[in-house]
Amino acid sequence: NAGVTQTPKFQVLKTGQSMTLQCAQDMNHNSMYWYRQDPGMGLRLIYYSASEGTTDKGEVPNGYNVSRLNKREFSLRLESAAPSQTSVYFCASSVRTSGSSDTQYFGPGTRLTVL
Amino acid sequence: QKEVEQDPGPLSVPEGAIVSLNCTYSNSAFQYFMWYRQYSRKGPELLMYTYSSGNKEDGRFTAQVDKSSKYISLFIRDSQPSDSATYLCAMKGGYGQNFVFGPGTRLSVLP
């Protein structure tokens, strides 16, 4: 099992450019998440998909859009990148069923720099 | 006040020391508590999970939850240089709620 995979690993954008971060999981998990990690801020939830066909905003959704393509794949799109979106982006997945610990499994991350 | 507070460190200890890492929180509804370890330039990986109050031990690691004080701890015994990483606490309420993460404590174990 590959677990959670993310592409690309690194990306440099200019202000105003757009891009899509890809995430896939092979653990048959119901839920998927996108976080950003900034120094001193911890992991902050951008968007999540509790189940296939649903998406919801997290703590910091402005400037982002998501698509839950199928049960395996969850993409994050930056329509018009801004320097404030320079960060490390992590995708995660979990079972998310009633009574479970809802343990999240993380991908290796995408380091994004917006100039 | 942030919902989850954690001393960012860095914390440097000699090899073999007992390490204590802590988080405090303000939301009394939290009942699931996790500790993640994150090596430099890697994704977080689950280390320990505890439901509600009490202790849980796994090898050299012990997780403690004190819900009355809104305080959780991770103890590492006989620390090794390979334990050098950032340790993130995470917690959540019941079904359907999302985890809230602490900012992480950077630990260095010196040989």
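In what follows, every chain begins at residue 1, and chains take the letters A, B, ... in the order their sequences are listed. Because the structure is predicted, anything quoted here is derived from the model rather than measured.
If you measure heavy-atom distances from A/Leu43 to chain B, the contacts under 4.5 Å come from both the backbone and the side chain. Neither the backbone nor the side chain of B/Gln31 comes within contact range of chain A, judged by heavy atoms closer than 4.5 Å. Both the backbone and the side chain of B/Pro44 come within contact range of chain A, each with at least one heavy atom under 4.5 Å from a heavy atom of that chain.
Checked by atom type, the side-chain pair A/Arg77/A/Thr20 shows a donor-acceptor distance below 3.5 Å. Side-chain N/O atoms of B/Thr105 and B/Asp7 include no donor and acceptor closer than 3.5 Å. Checking A/Glu73 against A/Asn70 by side-chain atom types alone, a donor-acceptor pair falls below 3.5 Å.
Interface check for chain A: of the options B/Gly104, B/Gly96, B/Gly102, B/Pro8, the most heavy-atom pairs under 4.5 Å are formed by B/Gly96. Heavy-atom pairs under 4.5 Å with chain A were tallied for B/Pro103, B/Gly94, B/Ala90; the largest tally goes to B/Pro103. Ranked by heavy-atom pairs under 4.5 Å with chain B, the list A/Arg111, A/Lys9, A/Met41 is led by A/Arg111.
To the nearest 0.5 angstrom, B/Phe99 atom CZ is 8.0 Å from A/Tyr33 atom OH. Taken to the nearest 0.5 Å, the OH atom of A/Tyr48 stands 11.5 Å off from the CD atom of A/Gln104.
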